[in-house]
Every structure is written in structure tokens, then in C-alpha cells.
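Step one of this worksheet: look at the structure below.
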Amino acid sequence: ARAPGPLRSYAVHRSAFAFVSMAIFLVAAVLPETSRQILWVLGLLVTIVPAVVQSERLGGVAPIDEQHMVERMGAFTIIVCGEAFLKVAIQVSSAPIAHIDFVALAFQFVLTFAIWSTYFQDMPRAGIRRHRFPPWVALHLLVQLCIAGTAIGVAQMVAVDPATRLPASTILEVTATLAVM
């Protein structure tokens, strides 16, 4: 933002959005839970929406380094997949061996590998067109949330005695996030 150049205006505006977002999160920290959650959503929107929209009104828009973006989003996907598998592994480590559903554990492993291999089979070759960048970023966020949601559901499945009937809410968590993904 302090450097001269065509992106100076854009950087100043993005810094302002980041500052406003920070202020919202600071205010949220001292509020009761319901108000805090509402402000968290607002703070996230103030952070994410301008970055996704990349409006020309903010000044010159930074050029998209396609290779860098694909690499960063790929690294993030690997991290989220790893965290998903770790969530299930932690759940398994705290349950008695008789109550571990190894089918659900294998399902999480296969699912994580399938997401990873599908992602890296397609993403590097798909490319990013400038007009498709905002939905591409937004859909990446959705995929990451679905990976995490699926892991939460599978973690609940793994620690249940295999002979026990699963609650409908657990089944819905897994199937809904997989369907959205």
C-alpha cells in the first residue's frame, strides 16, 4: 500500500477492509455468544467478499498468478484432508477397540484419498479464467468446509459400536456434505 504503482489504490482499500474486519472481531470478543457469532459472520464477510469480488472500484486489480493460486489451493486441500483424517484418528484413539467401526475408518481413508486424487487429477489442468476466479475461490471454500464436515460425521461414526444404529443426524452430516462436495 505504501509502494508507488498501479496496485497502490487496491492495496490501500484491501488494508482498510482488513482493518474493519479486525475491529469487528475485536468487538465480537467481548460480546455474548449469540452476538459474537453474528459478528464473526459479518467479520468473515468483510474479509472474504472484497477479495472474491475484486472490484475494479478498489483500484487496479492484482493480476492472478494462476500457477501460484492452484498450488496454494492444492496445499490447502492437502492440509484440510490431513486434518480430516487426523480428526477421525483422534476419535479412534479415545474409543475402546470393541467400539471402533473399522468400516467407517476405512471409509474416511478411502474418501480422503479419493478427494485428494480427484482434486490433483483435475485442478492443475483446469486452469483459472479471470471471469471464473471469484466462483472458483468461493467453491474452494465450500469444498474445504465439506471435507471438514464429512470428517466430523465420520468421526462420530467411527466411535460407535458397529452393531449400534447410527443417529439420522450423523448420517445426514456425512451424506449432505458429500452431496454438496
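When reading the values below, keep in mind they use all heavy atoms of this one structure, side chains included, and skip hydrogens, waters and symmetry mates. On a predicted model such as this, the values are computed, not experimentally measured, just so you know.
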Suppose we screen for side chain to side chain contact (heavy atoms under 4.5 Å, CB included). Which residues come up paired with V27, at least two apart in sequence or across chains? L31, L39
Qualifying residues under side chain to side chain contact (heavy atoms under 4.5 Å, CB included), relative to S15, sequence neighbours excluded: A1
Ignoring hydrogens, what is the shortest heavy-atom contact between R14 and P50? Give both atom names and the distance. NH1-CB, 3.5 Å
Side-chain polar contacts of residues 74-84 - donor-acceptor pairs under 3.5 angstrom, sequence neighbours left out - could you list them?
| unit_1 | atom_1 | unit_2 | atom_2 | d |
| --- | --- | --- | --- | --- |
| T77 | OG1 | M73 | O | 2.8 |
| T77 | OG1 | Q144 | NE2 | 3.1 |

Count I, L, V, M, F, W, Y as connected when their side-chain heavy atoms are under 4.5 Å apart, and connections chain through other members. Are [X] and [Y] then in the same cluster?
{"X": "I171", "Y": "V174", "answer": "yes"}
{"X": "I48", "Y": "W40", "answer": "yes"}
{"X": "L172", "Y": "V88", "answer": "no"}

Distance-only, no hydrogens or angles: does the S21 side chain make a donor-acceptor pair with backbone N or O of G43 under 3.5 Å? yes
Hydrophobic side-chain clustering at under 4.5 Å (ILVMFWY, transitive links): who's grouped with I152? Put none if nobody. none
Show which residues join V180 in its hydrophobic cluster (side-chain heavy-atom contacts under 4.5 Å, direct or indirect), or state none. L139, L142
Go through the steps to decide whether F25 and L44 satisfy the test side-chain contact (heavy atoms from CB on, under 4.5 Å), and finish with yes or no. CA-CA 9 Å; F25 280 108; L44 281 172; 4.1 Å; yes
Distance, nearest 0.5 Å, that separates CG of L111 from CG of L178: 5.5 Å
Is there side-chain contact between T47 and V20, with heavy atoms separated by less than 4.5 Å? no
ring-ring contact (aromatic ring centres under 6.0 Å, His included) partners of F113, counting only residues at least two apart: W116
